[in-house]
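Notes follow the structure.
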Amino acid sequence: MSHNLAVRDVFDAIADPTRRELIRLLADTSELPLHELTPRFEMGRTAVSKHLTILKEAGLVRDRKVGRETRFRLHAAPLREVQDWVSFYDKFWRMNLLRLDQLLKEEDETT
C-alpha cells in the first residue's frame, strides 16, 4: 500500500480514544517502537498494534523497521481534514451566536 493512499477514513480512525491517545503520544516524539507504546495502555501488544494499523490505514501513522522492531511516527497531514471540518462548524456557531446576541440586545432595547 502506498503511503499516499489512505484506505480508512480519518474521522473513523480518530473516533476511538485509544487511537487519539496514540496520536498524542506520537506527536510528542519523533518515533516510538511498539514495546514502548504498549505499557501506556491497559491492553496487550496485539490490541495496540491493531489500533496502530487503523491509524496507518488512515495515513496518520507511518512505520519503519529498525532491526527486529517496528518504529512508529505520526504523519499529521491527514488531520488537516479534521481541522477544516471543525473550523467550518466553529465559524458556523460563532456567526449564529453573534446573531443571537444581537437579537437579544435588540429585544432588551425595545423593552
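Nearest heavy-atom pair across A27 and L74 is CB-CD2, 3.7 Å. When every heavy atom of G59 is checked against every heavy atom of P78, the shortest pair comes out as O-CG, 3.3 Å. Of all heavy-atom pairs between L32 and T29, the closest is CG-CG2, 3.4 Å. Smallest separation of non-hydrogen atoms from R8 and A13: CD-CB, 4.5 Å.
Summarising the geometry, atom CG belonging to D9 is positioned 12.0 Å from atom CD1 belonging to I54; distances are rounded to the nearest 0.5 Å. The distance from atom CG of L55 to atom CZ of R20, rounded to the nearest 0.5 Å, is 11.0 Å. With rounding to the nearest 0.5 Å, the separation of CG in L22 from NE2 in H51 is 7.5 Å.
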Worksheet item: Do R71 and E69 pass the side chain to side chain contact (heavy atoms under 4.5 Å, CB included) test, and can you show the C-alpha distance, the side-chain angles, and the key distance before you say yes or no?
Response: CA-CA 6 Å; R71 301 182 64 81; E69 78 178 6; 3.0 Å; yes
Please tabulate, one pair per line, all N/O donor-acceptor pairs under 3.5 Å involving side-chain atoms of residues 95-105, not counting sequence neighbours.
residue : atom : partner : partner atom : Å
N96     : OD1  : R99     : NH1          : 3.3
N96     : ND2  : F92     : O            : 2.9
D101    : OD2  : K105    : NZ           : 3.3

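Looking at F72 and D63, their side chains come closer than 4.5 Å, going by heavy atoms from C-beta outward. Residues L52 and L37 are in side-chain contact: their nearest non-hydrogen atoms beyond the backbone lie under 4.5 Å apart. Residues W85 and V10 fail the side-chain proximity criterion, which asks for heavy atoms closer than 4.5 Å. Contact check for L26 versus L60: no side-chain heavy atoms found under the 4.5 Å cut-off.
The salt bridge (Lys or Arg N to Asp or Glu O under 4.0 Å) analysis of residues 74-84, with sequence neighbours excluded, yields no pairs. For residues 36-54, no pair satisfies salt bridge (Lys or Arg N to Asp or Glu O under 4.0 Å), with sequence neighbours left out.
V66 and L34 sit in two unconnected hydrophobic clusters of ILVMFWY residues. Membership requires side-chain heavy atoms under 4.5 Å apart, directly or through other members.
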